[in-house]
Amino acid sequence: MAQVASVILPPLEEAYSYLIPAELCGKIVFGSRVEVPIGKRSARGFVVAVDLQYQKDPADKFTLRAITRLLYDSPCFNEEQFRFFNWIADYYGENLSRVFEIGIPEIAPRKFSRSVELLPKKDSTPKGTVQKKILSIIEKEGGILSYSSIIEIFKNASSSLKSLETQGFIRILSTEIKDQHLHHGHAPDWAKREIKLNPEQDHALDQILQAWKNREFKPFLLYGITGSGKTEVYIEALRHVRDAGQGVFVIVPEIALTPQLIDRFRARLGNEIAVLHSAMSKRARWDSWLALLEGRNTIAIGARSAVFAPIKNLGLIVVDEEHDASFKQGENLRYNARDLAVLRAKLNNCPVVLGSATPSLESFSHSEEKKYAYLELPSRHSVSFLPSVEIVDLNSIKPWMMPTKNISPQLLQALKDIQLDDSQAFILYNRRGFATFLQCDKCNEVLECPHCSVTLTYHQNSNSLLCHYCNYSTIPPSMCNKCPKECLERNNNEPGTFVRRGAGTEKVLEEIQGLLPHLSVERLDRDAVENLAHYRKILTKVRDGETKILVGTQMIAKGHDLPNVTLVGVIDCDVGLHFPDFRASERVFQLLTQASGRAGRGDKPGRVILQTRVPHHPSLQKTLTHDFPGFARLELKNRKALRYPPFTRLLRIVVASLDQRIPPNTLLRYKEVLFRYRDCYHSDLSILGPAPAPLAKIKTLWRWHMLLKSGSPTILNQCIHMLREVKASSKKARIIFDMDPQDML
DNA sequence: AGCACGCCGACT
DNA sequence: GTCGGCGTGCTC
Ligand SMILES: [Zn+2]
Ligand SMILES: [Zn+2]
């Protein structure tokens, strides 16, 4: 009787069967990672089943080969994760092997670096001249030097070094290379202090712990503005559950997972926290994973991918900044870590806390429908402490009154004012050139798709307006027909004409430098930032006060605690408001609220200046009054009327190909199949498009997309499974199914 | 993903 | 005649 293991070998889609060699019987179990022969090479895989009593069947199509070796002694994932992975594969219509590939880090060997240490040996010297030189160099460098730097100086020093070692002049040490990142720093003292929760925090904590004690799946939406003390609630809840012997994990947006944040958690929860972050080396990630698997750590904190962490006896999940779009993976397996966190809590009968100052409308509507429990933390400061938000109506300023193209007199004055108390400013601008839109020069109406209510994108080469959701296309009207009566009266009954907006590049940094040459201005955006270290360096220069004005895109709104930043200026809110996406308003509200949360912490009051041509837009008005619930209820009405999420679910299908004709044709074929299915089962399904994607061509690939809308995620899921069966018209087409898409580019 | 097989064009 | 382009299909 033989033992046979079923092995998943990413990226191969099927599970493969292998004989377990006698010496590994009992060692290779569910969860083992193994190396196996496949074709003419070898591959690494995951054991997902073991048949202890395999009997050879003459009907078997192939003869089994044997597992080559066991890569790690104990299992690398457990049953709970396996169920979770299966659910994910099914929901996103992806292969299970892909989930393994994304969800479990690679086994990485330890890395060592060799160094050479001088041993005290007084009364003798080596014979060789090279050997003598080596010793004197090591002595000069303080008695210890890395092996590689010696080899750099003396090309063939390895034999000399070996000889020196046998003679006892030196010792060659091998030390493990560990990650520099995210290792214990020193937590600030205030972080260690035992904190006293206020009554609202206490109430929130009670509710969460009650659900936990009842072993109840219960999602909480914890709403509280920046500085209202959400983190204290998380930490206390995590500590209770951890102290009771259960595992917990926290996920935060990648950009928020800073050494400071980790220090803060370590200060209060101890050093036994496993950190999972994409910026860590493979080895460090694997170390964290092992610490959790072996139970040395019971708390994990990480970005998106930490939702897969091997937590034993899971008792609580926390998702901070739950609205953040970075929880959605934009490639490969397009999962949303926040949604998966909720699912994982459900599979484990435990509470999950989603915290935010600007909850996603998805989560907010769940709380309105009582599917999620709603917890609110009031500001710990008086209302007067909130930053003052001013809207600058660019219509009311004549062009000649503008100090430069993009800087209004109000913003310039505010920038000058920061010098008075030597504080700092953030200036946000939008990256342009994604989508040009047309706006009436009199009433500021922006042209929208009559079917989708999404901003129409202007295309210069064809002089046409296009809806990138449904492919509706029209010639730009020469006159505005939306100008209201007052507007016409003011303009001798002349309707407005349309101007192109959102195009071109802006030189905001140069404009500010020109106006305020003695202030140091720095830039922070995707193009200016090379990597994480560079990003942190730019922010450090702000923290140290070296940079007075930081100019950049969204990224800067997610900065950290920079109490000396008292002014946040937004150059042009309209580009974001009229982005061709049904979530444009929500995104702008989130961004502005987040940005104003940056302004003036500590003892200096903050100030926010928003430049716009549509001053009455609800996203701006509700920012003015710091009214998230008000904004959310208003925007939810729009979403409901237009049947957009959270009232429906979306599935986006993207087809990309070198051949311009393939994407629309493939999608049209799909659409036919879908209509047939819908008519047959009377399914709740509607289809927008196919249409050219807003990014119609990436490098050499032409891209089209199609949006499926349904009240039921199950129907959309069936659509994915069905369309995967449709034979692609050409292998040259790349097809992406994006369930619950976050962006439509 | 690799890696082989196989079927056509253009070169020693 | 063969070298090599990559389209297609298989791997327990
Ligand atoms: Zn449309
Ligand atoms: Zn108008």
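Here is how names work: the chains are called A, B, and so on, in the same order as the sequence lines, proteins then strands, and each is numbered from 1.
Legend: residues meeting salt bridge (Lys or Arg N to Asp or Glu O under 4.0 Å) with A/Lys709, ordered by chain and number and at least two apart, are absent. A search for side chain to side chain donor-acceptor pair (under 3.5 Å) contacts involving A/Arg676 returns nothing, not counting sequence neighbours. With sequence neighbours left out, A/Phe82 forms a ring-ring contact (aromatic ring centres under 6.0 Å, His included) with A/Phe30.
Between A/Leu9 atom CG and C/dC12 atom P there is a gap of 9 Å when expressed in whole angstrom units. Rounded to whole angstrom, the span from the CG atom of A/Leu658 across to the P atom of C/dC6 amounts to 13 Å. Look at CD on A/Gln3: it is 17 Å from C1' on C/dC12, rounded to the nearest Å. Distance, A/Ile8 CD1 to C/dC12 P: 16 Å, rounded to whole Å. Rounded to whole Å, atom P of C/dC12 lies 13 Å from atom OH of A/Tyr54. For the pair A/Glu35 CD and C/dC12 C1', the interatomic distance rounds to 16 Å; values are reported in whole Å.
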In residues 48-56 of chain A, what donor-acceptor pairs under 3.5 Å come from side-chain atoms, sequence neighbours left out?
unit_1, atom_1, unit_2, atom_2, d
A/Asp51, OD1, A/Gln53, N, 3.0
A/Tyr54, OH, A/Asp60, OD2, 2.8

Pairs under 3.5 angstrom only: tabulate donor-acceptor contacts from the side chains of residues 292-305 of chain A to other protein residues two or more places apart or in another chain.
unit_1, atom_1, unit_2, atom_2, d
A/Glu294, OE1, A/Arg296, NE, 3.1
A/Glu294, OE1, A/Arg296, NH2, 3.0
A/Glu294, OE2, A/Tyr72, OH, 2.5
A/Asn297, OD1, A/Ala274, N, 3.3
A/Arg304, NH1, A/Ser326, O, 2.9

**Message:** Test salt bridge (Lys or Arg N to Asp or Glu O under 4.0 Å) on A/Glu80 and A/Lys312; report intermediate values, then the result.
**Reply:** CA-CA 9 Å; A/Glu80 184 257 339; A/Lys312 287 180 181 167; over 6 Å; no
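Among the atoms of the strands shown, none is found under 4.0 Å from any heavy atom of A/Pro10. Heavy atoms of A/Ser6 sit nowhere under 4.0 angstrom from any nucleic acid atom.
Applying the ring-ring contact (aromatic ring centres under 6.0 Å, His included) rule to pairs touching residues 321-341 of chain A yields A/Phe308-A/Tyr335, sequence neighbours excluded. Listed by first and then second residue, the side-chain hydrogen bond (donor to acceptor under 3.5 Å, both in side chains) pairs involving residues 690-705 of chain A are A/Arg652-A/His705 (not counting sequence neighbours).
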Pick out the pairs of N or O atoms, protein on one side and nucleotides 1-5 of chain B on the other, that lie under 3.5 Å.
unit_1, atom_1, unit_2, atom_2, d
B/dA1, N3, A/Arg41, NH2, 3.2

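Contact check on A/Lys328 versus A/Asp738 returns a salt bridge, with a Lys/Arg side-chain nitrogen under 4.0 Å from an Asp/Glu carboxylate oxygen.
DNA chain B is contacted by no residue of residues 15-34 of chain A, taking any non-hydrogen atom closer than 4.0 Å.
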